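Quantities reported herein were computed from a predicted structural model and do not represent experimental measurements. Counting from 1, the numbers follow the sequence of the chain as shown.
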Amino acid sequence: MTAALSAHELIARHRSTLDQALEAIRTRAYWSPHPEHPKAYGENGSLDMAAGKAAFDALLGSRLDLGQPGTDDWVGGETSPYGIDLGVTYPHADLDVLLPAMKAGQRAWRDAGAEQRAVVCLEILKRISDRTHEFAHAVMHTSGQAFMMAFQAGGPHAQDRGLEAVAYAYVEQVRTPDNAEWTKPQGKRDPLAMNKQFTPVPRGIALMIGCNTFPTWNGYPGLFASLATGNAVLVKPHPRAVLPLALTVQVAREVLAETGFDPNLVALAAERPGEGIAKTLALRPEIRIIDYTGSTEFGDWLEANARQAQVYTEKAGVNTVVVHSTSDYKGMLANLAFSLSLYSGQMCTTPQNLLVPREGISTDQGPKSYDEVVADLARSVDGLLGDDARANALLGAIVNPDVKARLEAASGLGEVALASREITNPDFPGAVVRTPVIVKLDGAKPDDEAAYMSECFGPVSFAVAVDSAEDAAELLRRTVREKGAMTVGAYTTDPEVEKAVQEVCLEEAAQLSLNLTGGVYVNQTAAFSDFHGSGGNPAASAALCDGAFVANRFRVVEVRRDA
C-alpha cells in the first residue's frame, strides 16, 4: 500500500504535540491542544458551526459505507432523544470474514514501532478535531446531551482522553529499549556477550464496546490505547449511539490507508435491532482485549466469561457526598445543584447519596438543620433550572425510557424534597426533559437502605440522614466497598473529619473531591491531570488513564543472539 503521508511527515507534524502530552501526564498540569470554544473552529481546514451542522444534516438518511470486508447487510434504527429519526445505516459484518481481515494488517502495524503508531493516532485525532462541530451534533442526537456539553465532552474532552491514552501507551512501550548489548565478565575467560532485541507485540484484536451516554469520551481511551500498542480494534457501538463511533472508524480507516497501513486495523461492528452481538464478539478467540462501559451486570459477565481477553470495565457505582460543614454555604449549594443537574444526572460520576448529619451542619451562615440543608439545596436546584432555556442547556434530554421510569419511581421511595418537573424544549418538542428529584431517606432505617445502596442512574438523589460524621464515614466505606464509586465528595471544615473521609477513600480506592464551591464539579475530570475511576473498587476495573490501563495491551518479546 502506497503511503500518501510518510512517517517523517507525521513525526514532523505531531511529535511536538506528543511531547507536550508526555510532559502533561508527568506534571499533571492543565494542558489541552483541543479548543473548548465553538468559535475556535473554522480555520486551517476545520469545520465551523454552520459547516459542522450541514455535514451532520447531510448524514441523515444516508448509508455510511466504510469499505469494510465481509459486509452482509445494512443496519440502523437510531432515534435521537430529541425526537429525530437519524435514518443512517451502517455495514453489518460477517465476523468470519472481517476478523481475519483485521488480523492481517497487524504485522506491519507492529513493525512500525511505538513512535510511528503514536503519530498516526495523533493524525486520526487531529482530523476528528477538525470535524468537532459535526461530531458534536452526532453525540447530541445519540446521547441526549445538550449541544454545548456534546460539543465539549464529545469533542475536545474526548479527544484529550484519546491523546492521553496514546501518551501513556508510548511511555510504556519505550520503557524497554529496542536493542541492548549485554556483556558479563568471566574473570580470566572471555566475557559472555549477547545482542538483545526487544519488541512490543500486540495481544490481538481489541473489542471496544461503546456506551449510549458518552460514546466518544468513554470510547476513545480504550480505542486509542489498543491501537497505539499495536492491536487492531473492532468498535461495537451501543445500538442507540452508533453514529459518533462510526464516524470515528471512518476517519481512522482513512488515515491508516493514507499512511500505508491496512485500514482494516479499525472496523465497525454494528448490529441488527435486538441482535445483541456483544456477547458473541466477547467470546471469539480472536478477541484478546475488551473495553466496556455500561451496566454492572454485563460488566461482571464479561469479567467472568471472556477469559481469553484482557478485560477493562467501567460499570456502575453509588457516588456519595459527605456534607459535614462548610465555610461557603452558598457556594456549596450552587456547586451541588449544578452537579446534580448536569446532563440530567446521566453521568457515571454524578452524586447520588448526600450524607447529612441529622443534627445538622455548621456553616458560615450559622448552623443549618438537616431539613434546612435539604430544603436549601432543593431551592438552589430550582433556582438554577427556573429558566427553561437555561434548564434545557444544562439538562439535555433523558436518554432512554429506563431512566425516565427510575425518575418517576423515585418519588415513592421517601419524602420528596424536590419534585421533578417536565420542561418543553421549543427546538425539539419530542425531547423528554425532566428536572432532578431529591428524596429524603434515613440511614438508620433498614427499609430505606435498599434505595440508597442501589445505583439509581439518572436525575435522582437521596439526602440520607446519618447520626454523625463517624457514621457518614462508615456508610461511605461500606458503599464504596460493596457497590463501588466513581466519585466521592466531601464538605467539612474539621481537619479530623477530612482526614477520616480521606482515609476511607485511600483504603477503598475512590477518587475524592473536597470542598468544591467554584467552577470545578465532582462529576467532571480533566484529561492529563485527573484520574477517572481508580480500578480499585467495584465501579471500574481500570482508571482512565494510567500506566496499568495500557501496559497489558502488549507484551515485550525478546530475541537474543551471541555477539
Practice task
Would you check, one step at a time, whether the test side chain to side chain contact (heavy atoms under 4.5 Å, CB included) holds for Thr293 with Ile209?
Solution key: CA-CA 7 Å; Thr293 301; Ile209 303 174; over 6 Å; no

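- Here the side chain of Asn319 pairs no donor or acceptor atom with the backbone of Val488 at under 3.5 angstrom.
- A donor-acceptor contact shorter than 3.5 Å is absent between the side chain of Arg288 and the backbone of Gly204.
- Smallest separation of non-hydrogen atoms from Ala167 and Ala21: CB-CB, 4.0 Å.
- Side-chain atoms of Ser143 and Thr213 include no donor-acceptor pair closer than 3.5 Å.
- In this structure, the side chains of Val403 and Val432 stay at 4.5 Å or more apart for every pair of heavy atoms.
- Looking only at side-chain heavy atoms (C-beta outward), Leu355 and Leu475 come within less than 4.5 Å of each other.
- In this structure a side-chain-to-backbone donor-acceptor pair under 3.5 Å is missing from Thr199 to Val201.
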Exercise for the section: Would you check, one step at a time, whether the test salt bridge (Lys or Arg N to Asp or Glu O under 4.0 Å) holds for Asp96 with Arg284? Expected result: CA-CA 10 Å; Asp96 291 329; Arg284 294 278 304 211; 3.0 Å; yes

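- Classification of Glu455 and Lys315 as a salt-bridged pair fails, no side-chain N sitting under 4.0 Å from a carboxylate O.
- The minimum heavy-atom distance between Leu407 and Pro459, with the atom names listed, is CD1-O, 3.6 Å.
- Counting only N and O atoms by type, the side chains of His532 and Gln511 include no donor and acceptor under 3.5 Å apart.
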Exercise for the section: Any chance you could lay out the ring pair (Phe, Tyr, Trp, His ring centres under 6.0 Å) test for Tyr168 and Phe224, step after step, and finish with the verdict? Expected result: CA-CA 10 Å; Tyr168 273 101; Phe224 284 99; over 10 Å; no

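- A pairwise comparison of heavy atoms in Leu59 and Leu64 identifies CD2-CD1, 4.2 Å as the closest pair.
- Here Lys103 does not pair with Glu286 in a salt bridge; the nearest charged N to carboxylate O distance is not below 4.0 Å.
- Taking the side chain as every heavy atom from C-beta outward, Phe549 and Leu544 approach each other to under 4.5 Å.
- Arg117 contributes a side-chain N or O that, together with a main-chain N or O of Arg110, makes up a donor-acceptor pair within less than 3.5 Å.
- Checking each of Phe135, Phe56, Phe147 against His141 for a ring pair (Phe, Tyr, Trp, His ring centres under 6.0 Å) leaves exactly one that passes, namely Phe56.
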Practice task
Apply ring pair (Phe, Tyr, Trp, His ring centres under 6.0 Å) to Phe462 and Tyr452, showing your working.
Solution key: CA-CA 7 Å; Phe462 300 119; Tyr452 66 73; 7.8 Å; no

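- The pair Asp402-Arg406 does not meet the salt-bridge criterion, since no charged nitrogen lies less than 4.0 angstrom from a carboxylate oxygen.
- With hydrogens and angles left out, the side-chain atoms of Asp178 and Gln197 include no donor and acceptor closer than 3.5 Å.
- Other residues, nucleotides and ligands place no more than 12 heavy atoms under 6.0 Å from the CZ atom of Arg560.
- Side-chain contact between Leu268 and Pro237 is present, with at least one heavy-atom pair separated by less than 4.5 Å.
- For Leu395 against Pro436, the heavy-atom pair with the smallest separation is CD2-CD, 4.3 Å.
- We find that Arg478 and Glu508 are not joined by a salt bridge, their nearest charged nitrogen and carboxylate oxygen being 4.0 Å or further apart.
- Side chains of Glu123 and Thr259: no donor on one and acceptor on the other come within 3.5 Å.
- Salt bridge annotation for Glu507-Arg481: absent, with no cationic side-chain nitrogen under 4.0 angstrom from a carboxylate oxygen.
- Residues Ser513 and Thr487 are not in side-chain contact: their nearest non-hydrogen atoms beyond the backbone lie 4.5 Å or more apart.
- You'll find the side chain of Asp291 stays beyond 4.5 Å of the side chain of Leu223, heavy atoms only.
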Exercise for the section: With side chain to side chain contact (heavy atoms under 4.5 Å, CB included) as the test, would you mind laying out the steps for Thr27 and Phe528 before giving the verdict? Expected result: CA-CA 9 Å; Thr27 64; Phe528 310 109; over 6 Å; no

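- Once rounded to the nearest 0.5 Å, the distance linking CG of Leu86 with CZ of Arg240 reads 13.0 Å.
- Using a distance-only test at 3.5 Å, with no hydrogens or angles considered, a donor-acceptor pair links the side chain of Ser529 to the main chain of Arg28.
- At distances below 3.5 Å, not a single donor-acceptor pair connects side-chain atoms of Glu134 with backbone N or O atoms of Arg131.
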Practice task
I would like to know whether Arg127 and Glu258 meet salt bridge (Lys or Arg N to Asp or Glu O under 4.0 Å); could you show each step before the answer?
Solution key: CA-CA 13 Å; Arg127 296 196 192 181; Glu258 288 181 30; 2.8 Å; yes

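- When atom types are taken as modelled, the side chain of Ser541 and the backbone of Gly535 share no donor-acceptor pair closer than 3.5 angstrom.
- Tyr312 carries Arg553 over the face of its six-membered ring, with the cationic atom under 6.0 Å from the centre and within 45° of the normal.
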Practice task
Quick one: do Glu314 and Asn218 satisfy side-chain hydrogen bond (donor to acceptor under 3.5 Å, both in side chains)? Show the steps, please.
Solution key: CA-CA 9 Å; Glu314 181 192 311; Asn218 278 107; 3.0 Å; yes

Practice task
Report the C-alpha separation of Asp73 and Thr71 in whole Å, then their side-chain angles, then the decisive distance to 0.1 Å, and conclude whether the side chain to side chain contact (heavy atoms under 4.5 Å, CB included) test is met.
Solution key: CA-CA 6 Å; Asp73 197 3; Thr71 297; over 6 Å; no

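- Proximity of a side-chain donor or acceptor of Thr229 to a complementary backbone N or O of Ala169 within less than 3.5 Å is not detected.
- Of the possible donor and acceptor atoms, one in the side chain of Gln308 sits under 3.5 Å from a partner among the backbone N and O of Ile287.
- Side-chain contact between Gln346 and Ile398: present, with at least one pair of heavy atoms (C-beta onward) separated by less than 4.5 Å.
- Here the shortest heavy-atom pairing between Gln145 and Ala153 reads OE1-CB, 4.1 Å.
- Using a 4.5 Å heavy-atom cutoff, the side chains of Val501 and Leu476 are in contact.
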Exercise for the section: Determine, step by step, whether Phe198 and Lys196 satisfy the side chain to side chain contact (heavy atoms under 4.5 Å, CB included) criterion, reporting the C-alpha distance in whole Å, the side-chain angles of both residues, the deciding distance to 0.1 Å, and the verdict. Expected result: CA-CA 7 Å; Phe198 304 97; Lys196 301 185 180 185; 3.8 Å; yes

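- Other residues, nucleotides and ligands place no more than 12 heavy atoms under 6.0 Å from the CZ atom of Arg107.
- A distance of 10.0 Å separates CD1 of Ile205 from CG of Asn264, quoted to the nearest 0.5 Å.
- At a cut-off of 3.5 Å, with distance as the only test, no side-chain donor of Arg253 or Thr248 sits close to an acceptor on the other residue.
- No hydrogens or angles considered: nothing links the side chains of Gln524 and His157 as a donor-acceptor pair under 3.5 Å.
- Donor-acceptor pairing under 3.5 Å is recorded for the side chains of Asn552 and Arg203.
- Contact record, Ile277 with Ala269: CD1-O, 3.8 Å, taken as the closest heavy-atom pair.
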Handout entry: Derivation of the side-chain hydrogen bond (donor to acceptor under 3.5 Å, both in side chains) call for Gln352 and Thr320
Key = CA-CA 6 Å; Gln352 175 179 303; Thr320 301; over 6 Å; no

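- No donor-acceptor distance shorter than 3.5 angstrom exists from the side chain of Ser454 to the backbone of Ala451, with no hydrogens or angles considered.
- When the shell of 6.0 Å around CD of Glu558 is examined, it contains more than 12 heavy atoms from other residues, nucleotides or ligands.
- Side-chain contact, Tyr90 with Glu78: a donor N or O sits under 3.5 Å from an acceptor N or O.
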